[in-house]
Amino acid sequence: MELDKVLNTLLVKLFRDIMHIEEEALITGEFEDITINDMHVIEAIGRGEPRPSSVIAKKLSVTMGTLTKSIDRLTRNQYVLRERSDEDKRLVLLSLTEKGIRADEHHQKFHEEMVKAAMAQFDEQETRILLESLGGLADYFSEHRKNVTSDGKDNQSE
């Protein structure tokens, strides 16, 4: 049981530390007018073709209302361009402006440097073990997420 507590403590600490460091590193200078959640919306929109807002909301696992609030701020601060589809006027398409692209590049660079620094302490065998272990954790959490209903109850416990 003690091992469970240690693992839980480590997972919670890692999550909090990464979120805190990410916010400190990213929400600076030119990008002080948005939140770390906005930065993740920018990442979800990406640098490709305009994407429907419903696709972005689903990718982020947020409601359309939550996404709309963030898109309002990102549009106002000139990170995101919001436009109606020519083919289907009901569709709202999202794309990044030049400022949004710079923010996304800033975010991606942070993650590349973070991974490079974290992995520098492991040899090849340790890296393989870590990747397999984290892959297993990711699979578990992904499966668990599928089993959770919108009201927060676990489907398996009903």
Side-chain angles (χ1 to χ4, degrees), residues 6-122 126-127 130-131 133-146 148-152:
V6 171
L7 182 57
N8 180 65
T9 299
L10 285 172
L11 288 173
V12 169
K13 182 176 178 359
L14 278 170
F15 176 78
R16 287 181 181 156
D17 286 351
I18 290 170
M19 293 299 289
H20 181 74
I21 292 166
E22 185 177 38
E23 186 164 14
E24 281 186 345
L26 294 177
I27 309 305
T28 61
E30 178 182 10
F31 311 115
E32 287 181 337
D33 56 351
I34 58 174
T35 68
I36 195 65
N37 288 335
D38 292 337
M39 193 67 85
H40 290 134
V41 172
I42 289 169
E43 178 183 37
I45 294 169
R47 298 181 222 168
E49 292 294 313
R51 301 176 69 189
S53 56
S54 58
V55 170
I56 304 304
K58 185 174 183 179
K59 183 175 183 177
L60 294 169
S61 299
V62 299
T63 66
M64 286 298 293
T66 298
L67 180 64
T68 298
K69 286 180 183 180
S70 187
I71 294 301
D72 288 346
R73 182 173 37 257
L74 290 168
T75 301
R76 187 172 50 252
N77 292 327
Q78 301 178 337
Y79 289 89
V80 170
L81 180 62
R82 175 177 21 201
E83 55 194 345
R84 295 277 176 192
S85 167
D86 290 336
E87 291 83 37
D88 184 347
K89 296 293 183 194
R90 296 172 296 176
L91 280 181
V92 175
L93 301 176
L94 304 172
S95 59
L96 299 180
T97 63
E98 287 301 316
K99 186 177 181 183
I101 290 169
R102 286 193 307 275
D104 190 46
E105 289 169 347
H106 180 60
H107 190 193
Q108 295 310 313
K109 183 179 177 192
F110 165 79
H111 279 280
E112 288 168 11
E113 290 172 0
M114 178 184 67
V115 169
K116 185 177 179 180
M119 298 309 293
Q121 63 184 310
F122 301 114
E126 290 169 326
T127 299
L130 179 63
L131 291 176
S133 300
L134 290 176
L137 278 173
D139 290 346
Y140 166 78
F141 286 120
S142 179
E143 189 61 35
H144 182 72
R145 188 168 149 206
K146 290 177 189 173
V148 175
T149 63
S150 60
D151 66 1

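Contact annotation: the side chain of Phe110 never approaches that of His106 to less than 4.5 Å [non-hydrogen atoms, C-beta and beyond]. Between Leu93 and Pro52 the shortest side-chain heavy-atom distance falls below 4.5 Å. No side-chain heavy atom of Leu81 sits under 4.5 Å from any side-chain heavy atom of Leu96. Put simply, the side chain of Thr35 does not reach to within 4.5 Å of the side chain of Ile27, judged on heavy atoms. Annotation: side chain of Arg47 is in contact with side chain of Gln108 (closest heavy-atom distance under 4.5 Å). Within the 4.5 Å cutoff, the side chain of Thr97 has no heavy atoms near those of the Val80 side chain. Looking only at side-chain heavy atoms (C-beta outward), Met119 and Leu130 come within less than 4.5 Å of each other. Inter-residue side-chain proximity for Ile101 and Tyr79 is flagged as unmet; no heavy-atom pair is nearer than 4.5 Å.
With 3.5 Å as the limit, one finds no donor-acceptor pair spanning the side chains of Gln121 and Glu126.
Looking at residues two or more places apart in sequence or on another chain, you find a side chain to side chain contact (heavy atoms under 4.5 Å, CB included) between Glu113 and Lys109. With sequence neighbours excluded, no residue forms a salt bridge (Lys or Arg N to Asp or Glu O under 4.0 Å) with Arg84. A search for side chain to side chain contact (heavy atoms under 4.5 Å, CB included) contacts involving Leu137 returns Leu11, Leu134, Phe141, not counting sequence neighbours. Legend: residues meeting salt bridge (Lys or Arg N to Asp or Glu O under 4.0 Å) with Glu30, ordered by chain and number and at least two apart, are Arg102. By the salt bridge (Lys or Arg N to Asp or Glu O under 4.0 Å) test, Arg76 is found to be paired with no residue, residues two or more places apart in sequence or in another chain being considered.
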Next item on the list: Could you check Glu98 against Gln78 for side chain to side chain contact (heavy atoms under 4.5 Å, CB included), going step by step and ending with a plain yes or no?
Entry: CA-CA 9 Å; Glu98 287 301 316; Gln78 301 178 337; over 6 Å; no
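At most 12 non-hydrogen atoms from other residues, nucleotides or ligands lie less than 6.0 angstrom from NZ of Lys116. The 12-atom threshold is exceeded at CD of Glu83, counting heavy atoms of other residues, nucleotides or ligands nearer than 6.0 Å.
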Please report, to 0.1 Å, the donor-acceptor pairs under 3.5 Å made by any side chain of residues 16-23, with sequence neighbours excluded.
residue, atom, partner, partner atom, Å
Asp17, OD2, Lys13, NZ, 2.6
His20, NE2, Glu24, OE2, 2.9
Glu22, OE1, His40, NE2, 3.3
Glu22, OE2, His40, NE2, 3.2
Glu22, OE2, His107, NE2, 2.8
Glu22, OE2, His111, NE2, 2.7

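When atom types are taken as modelled, the side chain of Thr75 and the backbone of Ile71 share a donor-acceptor pair closer than 3.5 angstrom.
Expressed to the nearest 0.5 Å, how far CZ of Phe122 lies from CG of Leu131 amounts to 9.5 Å. Ile42 contributes atom CD1, which lies 7.5 Å from atom CG of Asp104 (distance to the nearest 0.5 angstrom).
A salt bridge links Arg82 with Asp72; the closest basic N to acidic carboxylate O contact falls under 4.0 Å.
Residues Leu67 and Ala57 approach most closely at CD2-N, 3.7 Å, considering heavy atoms. Residues Ser53 and Met64 approach most closely at OG-CE, 3.3 Å, considering heavy atoms. Phe31 and Met39 make their closest contact through CB-CE, 4.3 Å (heavy atoms, listed as atom of the first residue, atom of the second, distance). Nearest approach of Ile56 to Ile45, heavy atoms of both residues: CD1-CA, 3.7 Å.
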